[in-house]
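Below: one structure, written as structure tokens.
Just so you know, ligand 1 is whichever comes first in the structure, and atom 1 is the first atom listed for that ligand. One is the number of the first residue; the rest follow in order along the sequence.
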Amino acid sequence: MITARLAYVSDPIALSDKELQDTAIIVVAAGSGTRLGYGMPKALVPLAGRSLLEHALDGIKLARCASQVIVVLPADAHELADRAERHPVKPLLCTGGATRNDSVRAGLEALRPGTERVLIHDAARALTPPEVFGKVVLALLAGARAVIPVLPVIDTIKQVATDPGQENAHITGTPARDMLRAVQTPQGFHAPTLLAAHRQAAGWETAAAEAVTDDAMLMEMLGERVDTVPGAAAGLKITTRLDLVLAESMLTPHPGKETPMTEQASSPPPIVVPRTGIGIDVHAVADAAEARPMWLAGLHFPQDQGLSGHSDGDAVAHAACDALFSAAGIGDLGTHFGTDRAEYAGASGTTLLTEAARLVREAGFEIGNVAVQFVGRRPKFAARREEADAVLSHAAGAPVTVTATTSDGLGYEGTGEGVTAYATALVYAVHG
Ligand code: CTP
Ligand code: MG
């Protein structure tokens, strides 16, 4: 299934109560996710319908190797905090800082006194399989004071220097590839030593602090030996859109994957034919006498008079819902959110879209994407389009894009009496 964790075949390691008690995991999730460009903290970015942070916590739950889980969040990240609090690992939450080191230190300061072992994990490595946590903890229990998961390096790595005034670097050396490893998290440590190292590093000037790119480096600087265990390809750090696509595809079942080779040879894997859907929503702009807030595409536009209707009038979100229902063949807005459903009276567009996506998944589909075209004179959309994409994508747990146009003065959209939103959606049946 979509939410099934990848490749978790081995059992969790069996720890005694005391070993569990003395082990903690800190998940750093306080970064801004600038390179991913979703306009929200990276840990909140959706992957197959759940945030990266929730996926990371799923792995930790399955690993069952720590009694304390601490999640370090950006200041004022209320939705992320809500999601973390609702997760069954019941993490302790604390606020991070401007750099990853600051965030790790904040987590370490929140450890229960007497904690012996601590694993530091990036929320951005959302699909790290549970057995990697297990291997790190076992190495610590066997006496390591620092242990990190690593993978062989695939590319040849060069050392470079850039001459003053030059744009491009030139090569100064080629380290032997078999002596190099790519480093992942969770990184495990003797907790008091790592805390002391981080406290010391807190006083360093910016350049020295920025040169520290992982926690193991601080231990190396103290002359501590750092051991390794095998990492996992699924533990990639989700940094760019491409990484997100890769992670999404790792969670998507591939038809025929589990078919034995002999059967595969005689019967080709079934072709999954996607289904498209369409939805249209029209709303009148409310009478000037009635002060209505303008909500569209999940965003509030404070300069604009709102749309009429018994909901918030979010035509973009409503059209997206109808397109999803249409693609899955499970009725329409009236079927699911009609006036007989009192719980949806006055519900926001994003609430409805989240519920529509849930219903579509419950009906056995995964969502490819939703595209919405808005037609109207107001609100002016261009400056907030990316924000709208992010908010709606998060609500649907799948990519939603919004485009906007005016109608060249023609019709009710042209006079500003009303707006229209047209949406299409693509879904595909999930087998297995
Ligand atoms: N992190 C953190 N506090 C910071 C910066 C980063 O807790 N001040 C965390 C991130 O949330 C992430 C991990 O450290 O889980 C690795 O950082 P990175 O992949 O760089 O994430 P971001 O800083 O969020 O992304 P970007 O650099 O693109 O803004
Ligand atoms: Mg960063």
Quiz item: Listed by chain and number, what are the side chain to side chain donor-acceptor pair (under 3.5 Å) partners of His336, not counting sequence neighbours?
Solution: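 Not a single residue meets the side chain to side chain donor-acceptor pair (under 3.5 Å) criterion with His336.
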Quiz item: Listed by chain and number, what are the salt bridge (Lys or Arg N to Asp or Glu O under 4.0 Å) partners of Glu167, not counting sequence neighbours?
Solution: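 With sequence neighbours excluded, Glu167 shows a salt bridge (Lys or Arg N to Asp or Glu O under 4.0 Å) to no residue whatsoever.
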Practice problem: Enumerate the residue pairs fulfilling salt bridge (Lys or Arg N to Asp or Glu O under 4.0 Å) with a member in residues 140-158, sequence neighbours excluded, ordered by first and then second residue. | Solution: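 Sorted pair list: Arg145-Glu224.
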Quiz item: Within the distance-only criterion (no hydrogens, no angle test), does the side chain of Arg100 pair as donor or acceptor with the backbone N or O of Val28 below 3.5 angstrom?
Solution: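 Not confirmed, Arg100 side chain does not pair with Val28 backbone.
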Practice problem: Examine distances only and state if a side-chain atom of Arg117 and a backbone atom of Ala24 form a donor-acceptor pair shorter than 3.5 Å. | Solution: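 Between the backbone of Ala24 and the side chain of Arg117 there is no qualifying donor-acceptor contact (under 3.5 Å).
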Practice problem: Mark yes or no: Arg378 above the aromatic ring of Phe301, with NZ or CZ under 6.0 Å from the six-membered ring centre and no more than 45 degrees from the axis. | Solution: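 No, cation not above the ring by the 6.0 Å, 45° rule.
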Practice problem: Write down, by chain and number, every protein residue that brings a non-hydrogen atom to less than 4.0 Å from an atom of ligand 1. | Solution: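 Close residues (ligand 1, cut-off 4.0 Å): Val28, Ala29, Ala30, Gly31, Ser32, Gly33, Thr34, Arg35, Lys42, Gly97, Ala98, Thr99, Arg100, Ser103, Asp122, Ala123, Ala124, Lys237.
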